[in-house]
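Following this message is one structure expressed as structure tokens.
Here the structure is a predicted model, which means the values were calculated and not measured. Proteins get letters first, then strands, A, B, ... in listed order; numbering begins at 1 in each.
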Amino acid sequence: MLNFSCIFLHKFAAMQTVLLSKPDLFSFKECLWFLDRNYDECLHRIDAEAITKAISLNGNPLVFTLEEDEKNILLKTENKASSSENMDELRRYVIDWMDMERNIEPFYELLKRDKKLSYMAKDFSGLRLIGIADLYETLCWCIIGQQINLSFAYKIKRRLVENYGRKLITSKGEFLLFPEPETMAGITEEKLKELQFSRQKANYIIYISKAFCEGRISQGKLSALKTTEERLELLTSLKGIGEWTANYALMKTLRDPDSVPYGDIGLLNALSNHQLIRDRKDKKNMEKLFRKFEGWKSYLVFYLWRSLASPSFQAK
DNA sequence: ATCCAGGGGTCAC
DNA sequence: GTGACCCATGGA
């Protein structure tokens with residue numbers, strides 16, 4: 001039943017460390033907070049103040065660890081990435097993942113202008129919009145997460161990854177890679193239902209996987225489209241991808257600065273918590289608010305999600 | 001027990 | 001274009 005392949009990384013390869021200097025308004029701890037929210041995340045591991053994750057660069061699997069010192073992020077990895085080209089790509093991956101190259105001060109200036117939101121610039125200082133590099137993974141994750149609570153979503157994501165993803169065995173333990181579309185395109189609805197996917201979710205996953213295999217959708221194809229409208233149109237032309245998922249993907253993977261997953265329940269709750277909208281259908285005030293954050297709408301969404309974990313908004 | 005979760009598709013009007 | 005209904009499970 002378990003058909004993943006195991007890859008043993010070379011034990012004696014030299015460890016390499018690359019230093020990424022921390023930009024202004026960057027907090028590794030805030031970023032780690034987001035990645036470690038008490039969910040059963042299977043695609044990275046956090047212990048103490050370090051995060052370890054497996055990725056595939058050009059089909060070349062590797063495991064890396066991030067830590068920080070006073071001024072730098074320490075990116076550590078063993079072999080497989082040892083060529084300077086691969087090392088550079090890994091560096092790019094991390095910078096993109098944590099959005100380290102963006103100057104977010106203009107966003108903070110906008111926050112400070114809003115009475116109800118200005119506290120975020122202080123309380124969440126240095127939090128970056130953590131991305132998901134792979135479009136296929138993003139879309140699958142969205143389908144999994146649709147209309148179920150997050151803890152259950154993480155649970156079935158783990159089952160999917162453990163059953164159909166590759167497993168890397170290293171000196172630091174085992175790490176998993178998200179499944180490939182080629183693998184999932186050949187799976188049946190019944191196999192996914194065994195993992196407690198609903199019939200709809202199972203079929204969406206299989207359908208999206210086939211779309212990737214046939215080239216009807218790809219990261220390159222999507223980013224080649226210039227306007228947001230064209231991108232949304234391509235994404236929502238696929239079954240299982242609606243407005244929410246399409247905007248989420250543009251925000252997390254394409255890093256569109258102004259994508260808002262309207263209708264997102266967490267977003268609505270956060271706006272309501274801050275008394276920025278009266279009810280969940282109050283789209284007018286929502287759009288009015290976001291208009292003030294032109295160029296930073298995606299960041300505002302991310303910070304509003306962050307606010308849901310603040311103690312003052314926890315109790316219901 | 002009942003309602004709601006980081007929605008989306010379908011169908012009726 | 002709007003609204004009702006279905007999906008499937010788990011947490012509160």
Are side-chain N/O atoms of T227(A) and E230(A) paired as donor and acceptor at under 3.5 Å?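 A donor-acceptor contact under 3.5 Å links the two side chains.
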
Please give the distance between the P atoms of dC3(B) and dA4(C) as a whole number of Å.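 Looking at atom P only, dC3(B) and dA4(C) are 16 Å apart.
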
Tell me yes or no: between the side chains of S125(A) and E30(A), is some donor less than 3.5 Å from an acceptor?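 Note: S125(A) and E30(A) side chains miss the donor-acceptor criterion.
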
T65(A) and K172(A) side chains, donor-acceptor separation under 3.5 Å: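 There is such a pair (donor and acceptor under 3.5 Å, judged by atom type) between the side chains of K172(A) and T65(A).
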
Rounded to the nearest Å, what distance is computed from the OH atom of residue Y204(A) to the C1' atom of nucleotide dC7(C)?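 One finds 9 Å between C1' of dC7(C) and OH of Y204(A), rounded.
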
To the nearest angstrom, how far is I205(A) atom CD1 from dG9(B) atom P?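 So the two atoms are 13 Å apart, to the nearest Å.
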
I'd like to know if the side chain of T138(A) pairs up with that of T253(A) as donor and acceptor (distance under 3.5 Å, no hydrogens or angles considered).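 Judged by distance alone, the side chains do pair up.
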
Closest approach to the side chain of S151(A), judged atom by atom: which nucleotide of dC6(C), dT9(C), dG11(C) is it?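 Within the option list, the nearest is dG11(C).
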
Which one, dG7(B), dT10(B), dT9(C), comes nearest to the side chain of F152(A)?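 Looking only at side-chain atoms, F152(A) lies closest to dT9(C).
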
For atom CD1 of I148(A) and atom P of dG11(C), their distance in whole Å: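 Those two atoms, CD1 and P, are 11 Å apart.
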
Given dG7(B), dT10(B), dG10(C), the nucleotide with the shortest approach to the side chain of W244(A):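 For the W244(A) side chain, the nearest candidate turns out to be dG7(B).
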
Could you state the CD-C1' distance from Q200(A) to dG7(B), rounded to the nearest angstrom?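 About 10 Å, once rounded to whole Å.
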
Picking from dG7(B), dT9(C), dA5(B), which would you name as closest to the side chain of T245(A)?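 The listed nucleotide nearest to T245(A)'s side chain is dG7(B).
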
I want to confirm an ordering. Mapping N149(A) and G240(A) to their closest nucleotides on DNA chain B, which one lands closer to the 5' end?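 Upstream on the strand: N149(A).
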
Using only side-chain N and O atoms of Q196(A), determine if any of them is under 4.0 Å from OP1 or OP2 of dG10(C).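 Indeed, a polar side-chain atom of Q196(A) lies that close.
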
Given E67(A), which partner from the list K76(A), K29(A), K22(A) fulfils the salt bridge (charged side-chain N to carboxylate O under 4.0 Å, His left out) test?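 Result for salt bridge (charged side-chain N to carboxylate O under 4.0 Å, His left out) with E67(A): K76(A).
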
Flag side-chain contact, heavy atom, 4.5 Å: L304(A) against N269(A):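 No; the side chains remain at least 4.5 Å from each other.
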
Test applied, side-chain contact (heavy atoms from CB on, under 4.5 Å); reference residue, M184(A); option that passes from Y207(A), F212(A), F178(A), Y136(A):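 Testing each of Y207(A), F212(A), F178(A), Y136(A) against M184(A), the sole residue satisfying side-chain contact (heavy atoms from CB on, under 4.5 Å) is Y136(A).
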
What is the distance, to the nearest angstrom, from the CG atom on L139(A) to the P atom on dG7(B)?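 Value for this atom pair: 15 Å.
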
Looking only at the side chains, is there a donor atom on one of E194(A) and N163(A) sitting less than 3.5 Å from an acceptor on the other?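 On atom types as modelled, these side chains do not qualify, holding no pair under 3.5 Å.
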
Does I241(A) reach a base, just sugar-phosphate, or nothing at all? Heavy atoms under 4.0 Å.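 Sugar-phosphate, backbone atoms only, no base.
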
Given DNA chain C, 5'-ward residue of the pair K193(A) and K155(A), judged by closest heavy atom: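 The residue closer to the strand's 5' end, by nearest nucleotide, is K193(A).
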
Taking the basic N atoms (NZ, or NE/NH1/NH2) and the acidic carboxylate oxygens, is any pair closer than 4.0 Å for R255(A) and D96(A)?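 The answer is yes: the pair qualifies as a salt bridge.
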
When you look at Y299(A) and W296(A), which way does the ring-ring contact (aromatic ring centres under 6.0 Å, His included) test go after all the steps? CA-CA 5 Å; Y299(A) 252 88; W296(A) 297 95; 5.7 Å; yes

Distance, rounded to the nearest Å, where K201(A) contributes NZ and dT9(C) contributes C1':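 To the nearest whole Å, that distance equals 10 Å.
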
Enumerate the residues from residues 32-45 of chain A whose closest heavy atom to DNA chain B is under 4.0 Å, giving them by residue number; use none for an empty result.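 Hits under 4.0 Å, by residue number: R37(A).
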
With the threshold set at under 4.0 Å for non-hydrogen atoms, list the residues of residues 282-302 of chain A touching DNA chain C in residue-number order.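 DNA chain C contact set from residues 282-302 of chain A: none.
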
Tell me the interatomic distance from L267(A), atom CG, to dG7(B), atom C1', rounded to whole angstroms.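 Value for this atom pair: 14 Å.
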
Taking atom C1' of dC4(B) as reference, at what distance in whole Å does atom CG of L150(A) sit?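 It is 13 Å, rounded to the nearest whole Å.
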
Residue I265(A), side-chain atoms from C-beta onward, closest of dA5(B), dG8(B), dG10(C):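 Of all the options, the side chain of I265(A) is nearest to dA5(B).
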
Mind checking L268(A) for me? I need base, sugar-phosphate or nothing, with any heavy atom below 4.0 Å counting as a touch.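 No contact.
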
